[in-house]
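Values in this document were obtained by computation on a predicted structure and should not be read as measured data. Whatever order the structure lists them in is the order used to number ligands and atoms, beginning at 1.
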Amino acid sequence: MKQYIYADHAATTPISEKAKEAMLAAMDRYGNPSSFHREGQLAKEALEQARSEIADCLHAKQEEIYFTSGGSEADNQAIRSAASIGARKGKKHIITSAFEHHAVLHTLDALKKEGFSITYLDVHENGIIDVSELEQAIKEETCLVTIMYANNEIGTLQPVAEIGAICRRHKVLFHCDAVQAVGHIPVDVIKDQVDYLAFSAHKFQGPKGIGGLYVRKGAPLIPLLYGGAQEKGLRAGTENLPAIIAMAAALRDACEQMSEQMRKVSALRDQLIEGLSEIPHSRLNGDRIRRVPQTINFCFEGIEGESLLLWLDQKGIAASSGSACTSGSLDPSHVLLALGLPHEVAHGSLRLSIGMELQKEQIDYIIHAVKETVSYLRNISPVWEALKKGEKAYVIQ
Ligand SMILES: *Cc1c(COP(=O)(O)O)cnc(C)c1O
């Protein structure tokens, strides 16, 4: 194969050289941070140094950062904490959006069985909630609003600071799953007025299996895991120090290069959008402007997303049809259905999520490969045949 282009950064990112070096070096920091002796204390210092660096990138205080095994655990812990405090006060209503990550939606499903009621806000055709609809949905019994920063399948951004302000005004806790935002765009927990914010290292060129939760000082937090007194007794288990140190290195790096990275990746993304929009009966999913630099999602009428992915893989391009977590099932993505797309169109979707390492020429190659494959697949598609003959109406004009 001449080249291999990795365009699936929303599923996971390649580890950066800086994070890899930091992780290797940290392997020798073998002490247990809970130990009293010198080796333990050196590990403890390194742990707190990493915590402080991560806090700085998010404009948080060091003691407001808790380490977890990743974004999923952070989402679970934030939601469970707010729900448990809410339940004690008889407040068992939670507001979310229809297209959250499954780490949020499935936690809420579990809470439903425990008697919570959930309001799912519409994300409309542009993939963005309407803050006035949020405000109307808040009731006396509402204990939590959980809305993501940026969507993992289509890349649209939510008006997080406005949501935060509304929640503060109504004295409702606000959790934000910021896994697709942290390390990609500036995130400021003060400006955004969040109470909880989840992040995950492997989405910003850190290692897998490590992440964290920002918890505003004063916001309630309960443990999911019981055991030792790590993380102030709120997350038991000996800390994964090499991964934590590597996560801090990756995030520091991302924060230092943020404006250059955003400029470069946005330009590549715009090139992709322009090129793919030339394909007839295609559409960009979600708002054109209010989106993260790295992720786009397109629908092509008359084709199956899965076949497109197979062909692109053959041509040396790693892409996705949406969430890595739902691939393998034939159900169309809950995200695309939430945008109001009909099933048959939601099936023909392609997510491309890119990183700084790609060059303009590689983007040209992706555009060329997608155009070629879409036209090949349409030529052998009975659905496309029916559309062309006018036996069926186009959904995408
Ligand atoms: C990847 C992702 C998660 C899950 O993070 P893990 O670290 O893989 O558990 C949660 N939310 C969003 C938006 C994600 O993209």
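Partners of Ser72 according to the side chain to side chain donor-acceptor pair (under 3.5 Å) rule, which considers only residues two or more places apart in sequence or in another chain, do not exist here.
Val383 belongs to a hydrophobic cluster whose remaining members, ordered by chain and number, are Trp384, Leu387, Tyr394; membership requires side-chain heavy atoms of ILVMFWY residues under 4.5 Å apart, directly or through intermediates.
For ligand 1, residues of the protein lying within 4.0 angstrom by heavy-atom distance are Gly70, Gly71, Ser72, Asp75, His101, Met148, Asn152, Asp177, Val179, Gln180, Ser200, His202, Lys203.
Checked against the 6.0 Å centroid criterion, the rings of His334 and His102 qualify as a close aromatic pair.
Taking the six-membered ring for Trp and thresholds of 30 and 60 degrees, Tyr6 and His9 have ring planes inclined between 30 and 60 degrees apart.
The nearest pair of heavy atoms linking Cys143 to Ile94 is SG-CG1, 3.9 Å.
Residue pairs meeting the salt bridge (Lys or Arg N to Asp or Glu O under 4.0 Å) criterion with at least one partner in residues 283-293, sequence neighbours excluded, are Glu125-Arg283, Asp270-Arg288.
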